[in-house]
Amino acid sequence: MLQFIKSASIILLMILVLVIVMSYTSKQKTERQKYRLVKTLQEIEIRFYPKAIMATVKAPSETYTGNSNNNFRKLAGYIFGSNKSSDKIAMTAPVHMEKNSTGSNMSFVMPESYTMEKLPKPNDNSIELHYSEEGYFAVIKFGGYANEKTILNKEEELKKKLNEVKINHNNKFVYLGYNAPWDLINRENEVLVKIDFSE
């Protein structure tokens, strides 16, 4: 019995190591949305984001995560071939999630190699292809698994810190998630908001 427990423990440890290695390797290969770091103020990063092509799904919800599974399924279907050309599009990071008075949105950033003309049209009419807003954004980072409570807490923390340094913002906060659910370590999350800023 003791030998069985030792063997099972070794197998579980090997599986855990394999998952961690696969997660790390996957993250290294994933294209990330481009931005330029302008400056750091305490725990806040000020970044300039150029416009990028986004695929967005909108749904009725009063929370960031209310329709996240369904929204993710639709967007994943689009990049995995559910489009007019049956093309597969590489996954990028981060996934954008936001909420407003009309509902919640989830967006995938399209790879930088695509133009709007070359990007295949979605089969699902609820997916909108559009350009993101270019400009300066304030960002706060946090780790671990994100949920509605942690996102809202970081949103409030970012508001407070921007108020302390007297930077105005548009009050439209966005959650950015960088990891697959099976990534167990080095999880990356961010909350950002567009700000009034000039260099």
Side-chain angles (χ1 to χ4, degrees), residues 26-38 45-61 63-141 146 151 155 158 168-181 183 188-199:
S26 175
K27 283 174 65 177
Q28 300 310 303
K29 294 178 180 177
T30 302
E31 179 181 323
R32 294 192 170 208
Q33 184 179 7
K34 300 293 187 293
Y35 66 83
R36 176 171 56 86
L37 178 61
V38 177
E45 286 188 358
I46 306 299
R47 301 174 181 173
F48 178 80
Y49 279 88
K51 69 179 182 179
I53 302 175
M54 315 285 279
T56 298
V57 172
K58 300 178 180 180
S61 175
T63 66
Y64 283 100
T65 58
N67 285 293
S68 57
N69 289 339
N70 190 46
N71 291 344
F72 190 91
R73 180 182 56 78
K74 288 183 177 184
L75 291 171
Y78 168 61
I79 67 170
F80 293 153
S82 181
N83 54 66
K84 302 301 181 186
S85 307
S86 298
D87 288 348
K88 289 183 171 52
I89 302 166
M91 183 75 189
T92 65
V95 173
H96 291 232
M97 297 168 65
E98 58 183 306
K99 62 183 179 70
N100 51 49
S101 58
T102 61
S104 65
N105 303 343
M106 179 180 283
S107 302
F108 284 7
V109 184
M110 296 295 98
E112 196 177 23
S113 58
Y114 282 95
T115 63
M116 192 66 83
E117 293 72 30
K118 291 181 179 178
L119 203 58
K121 302 299 182 234
N123 291 335
D124 188 334
N125 292 331
S126 68
I127 297 174
E128 176 191 356
L129 301 178
H130 63 97
Y131 285 103
S132 64
E133 190 174 6
E134 183 175 88
Y136 293 95
F137 292 80
V139 181
I140 190 165
K141 302 178 179 183
I151 295 170
E155 182 181 308
L158 183 54
N168 294 323
H169 59 84
N170 68 359
N171 208 40
K172 296 178 181 177
F173 292 84
V174 182
Y175 164 69
L176 307 182
Y178 286 84
N179 299 87
D183 287 344
E188 298 177 67
N189 308 280
E190 296 174 340
V191 171
L192 66 73
V193 66
K194 195 169 193 293
I195 58 174
D196 296 331
F197 190 86
S198 60
E199 296 182 79

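In what follows, every heavy atom counts, from backbone to side chain, and hydrogens, waters and symmetry copies are set aside. Residue indices begin at 1 and follow the sequence shown.
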Any idea how Y49 and Y35 line up, ring-wise: parallel (<30°), tilted (30 to 60°), or perpendicular (>60°)? tilted

Which atoms form the tightest heavy-atom contact between L158 and A138, and what is the distance? CD2-O, 3.8 Å

Under 6.0 Å from the NZ atom of K34, do we count more than 12 heavy atoms belonging to anything else shown? yes

Spatial distance of atom OH (Y175) from atom CD (E98) [nearest 0.5 Å]: 14.0 Å

Test item: T92 side-chain N/O and V109 main-chain N/O as donor-acceptor pair under 3.5 Å: yes

Do the charged groups of K58 and E128 touch, with an N to O distance under 4.0 Å? yes

With a 4.5 Å cut-off on side-chain heavy atoms, are N170 and V193 touching? yes

Quick one: do R32 and E188 make a salt bridge, cutoff under 4.0 Å? yes

If you define the side chain from C-beta out and look only at heavy atoms, does anything of N123 sit under 4.5 Å from K84? yes

Check M106 against V95 and note the closest heavy-atom contact, atom names and distance. CG-CG1, 3.7 Å

How long is the gap from CG on L176 to CD1 on I140, to the nearest 0.5 Å? 12.5 Å

Without swapping roles, check the side chain of E31 against the backbone of E112 for a donor-acceptor pair under 3.5 Å. yes

Would you give the length of the straight line joining atom CG of D87 to atom NZ of K121, rounded to the nearest 0.5 angstrom? 12.0 Å

Taking only residues two or more places apart in sequence or in another chain, which ones pass side chain to side chain contact (heavy atoms under 4.5 Å, CB included) with P50? F48, E134

Just verifying a value: how many Å separate K118 NZ and S113 OG, rounded to the nearest 0.5 Å? 8.5 Å

Rounded to the nearest 0.5 Å, what's the gap from CG on L37 to CD1 on I46? Could you check? 9.0 Å

With side chains defined as the heavy atoms from C-beta onward, is the minimum distance between H96 and N105 less than 4.5 Å? no

Would you say the side chain of N83 lies within less than 4.5 Å of the side chain of L119, judging by non-hydrogen atoms? no

Any side-chain heavy-atom pair from Y178 and N189 closer than 4.5 angstrom? no

Nearest heavy-atom contact between A55 and M110 is CB-CE, 3.8 Å

Audit row: K172, N100, side chain to side chain contact (heavy atoms under 4.5 Å, CB included) steps and yes/no: CA-CA 8 Å; K172 296 178 181 177; N100 51 49; over 6 Å; no

Does F173 have any ring pair (Phe, Tyr, Trp, His ring centres under 6.0 Å) partners at least two apart in sequence or in another chain, and if so, which? H169

Testing the basics here: between K88 and Y114, what is the closest heavy-atom pair and its distance to 0.1 Å? O-OH, 4.1 Å

So E199 and R36, salt bridge (Lys or Arg N to Asp or Glu O under 4.0 Å) or not? Walk me through it. CA-CA 12 Å; E199 296 182 79; R36 176 171 56 86; 2.8 Å; yes

Going by heavy atoms in the side chains, are I89 and P111 under 4.5 Å from each other? yes

Check: P94 and E190 side chains under 4.5 Å, non-hydrogen atoms: no

Atom OG in S107, atom CD1 in I53: separation rounded to 0.5 Å? 13.0 Å

Closest non-hydrogen atom pair, K74 against D124: CD-OD2, 3.5 Å

Correct closest heavy-atom pair for A59 and N67 would be CB-ND2, 3.6 Å

What I'd like to find out is whether the side chain of F197 reaches to under 4.5 Å of the side chain of F137, using heavy atoms alone. no

